[in-house]
Amino acid sequence: MSFRTIVITKQSSLNYKNRFLVVKQDMDEKYIHLSEIDTVVVDTPAVSISVYLLKELSENKINIIFCDEKHNPFGEMQSYYLSHNSPKKIMLQSKWDNEIKNTVWEYIVKNKIANQILLLKKIKSKRYELLDEYYHDVKIGDKTNREGHAAKVYFNELFGKQFVRHHEDVINSALNYGYAILLSMFNKEVISNGYITQLGLNHKSEFNEFNLSCDLMEPFRIVIDQFVYYNHPTELNHEYKMNLVNILNEIYFYDGKKYTLKDIIRKFVKNVFSTIEEVVIYKEFNIYER
């Protein structure tokens, strides 16, 4: 199974040769077998890439993320379809009704708040008690927006009362960088399972290409939040970004066993889709039931 995240930080030429990614920098040339690679982060615009390499990365379901001159992620490459039965899956996705979407969103929000509670307990904040109330108040579809209320309390406890999400500061920049890496992983898994990222459960923006991925990643944001809390950045330098990228290889417990975060994301997304598929198919076979 692929396990390496390759980060390209210098002016380079990337090519393909005999199942290897070839990285050429000045007089140096390195070969990395595609079977070892999970994600490639191109952390500088000063890189040339062969189209044949892009084709091979796509066919091998390898993520590739592109960064701008400030080293911030601005895009990624995703294949149109990575599953043999994508048309069937997309047709199923189009039949997700509001009841299904609202039920799954309730589950996601509860998981997100539960993880936030764990982190607040870990840092000895008594405000976790308020989040616990929000957790038990979550309704189907989170119609009372317990997620939003919990987020405000949570971020104020982590980064202070003056902290405002989406302001231009180094903490928000670190969070955004980490979230972008996470989002890319979820995009990959959504597409690998045959679905499209645009049709979400709760996120419905016509300008967001990744509505579904944004929904599914919500409970996982805590791994980035936790890292930034314990490693307050003074600047978002190369080393700090690499540490954020390497979170994907950290080991966590999931379903009673230890896995890398990459593998947990893979299993989580598959589990969510399997559950939804069972409900959709059941409803289809019971449409004439009286």
- Query: If we only count heavy atoms from C-beta on, is the F220 to F268 side-chain gap below 4.5 Å?
  - Reply: yes
- Taking the side chain as every heavy atom from C-beta outward, state whether I64 and I49 have any pair of such atoms under 4.5 Å apart. yes
- Query: Looking at Y179, does the NZ or CZ of R221 lie under 6.0 angstrom from its six-membered ring centre and within 45 degrees of the ring axis?
  - Reply: yes
- Decide whether a cation-pi geometry holds between K258 and Y252; the criteria are a distance under 6.0 Å from NZ or CZ to the six-membered ring centre and an angle within 45° of the ring axis. no
With [X], which residues qualify under side chain to side chain contact (heavy atoms under 4.5 Å, CB included), at least two apart?
| X | value |
| --- | --- |
| K121 | I117, Y128 |
| H167 | V164, D169, N172 |
| S173 | L236 |

- Query: Does a salt bridge link K89 with E277, judged by any charged N lying under 4.0 Å from a carboxylate O?
  - Reply: yes
So, [X] versus [Y]: side-chain donor-acceptor pair below 3.5 Å or not?
| X | Y | value |
| --- | --- | --- |
| R266 | N193 | no |
| T5 | K262 | yes |
| S184 | N63 | yes |
| Q226 | K122 | yes |
| N145 | Y134 | no |

- Looking at CD1 of I108 and NZ of K101, how far apart are the two atoms once the value is rounded to the nearest 0.5 Å? 12.5 Å
Which atom of [X] lies closest to which atom of [Y], heavy atoms considered:
| X | Y | answer |
| --- | --- | --- |
| N211 | Q198 | ND2-O, 2.9 Å |
| L216 | P219 | O-CD, 3.4 Å |
| T197 | S213 | CG2-OG, 3.6 Å |
| L212 | L199 | CB-O, 3.4 Å |

- Task: Not counting sequence neighbours, which residues clear salt bridge (charged side-chain N to carboxylate O under 4.0 Å, His left out) with K112? List them please.
- Result: E147, E218
- Path from F227 to M242 over hydrophobic side-chain contacts below 4.5 Å: yes
- Apply side-chain contact (heavy atoms from CB on, under 4.5 Å) to L21 and L14, showing your working. CA-CA 7 Å; L21 163 64; L14 307 184; 4.2 Å; yes
- Assess the pair H203 and F210: is the distance between their ring centroids shorter than 6.0 Å? no
- Do any pairs count as a salt bridge (Lys or Arg N to Asp or Glu O under 4.0 Å) and have a residue in residues 19-29, sequence neighbours left out, and if so which ones? K24-E29
- Item | Donor-acceptor contact present, side-chain D68 to main-chain F74, <3.5 Å | no
- Identified side-chain contact (heavy atoms from CB on, under 4.5 Å) counterpart of L248 within the set D263, I181, I264, D38: I181
- Students should find that the hydrophobic cluster of Y31, defined by side-chain heavy atoms under 4.5 Å apart, otherwise consists of F20, V22
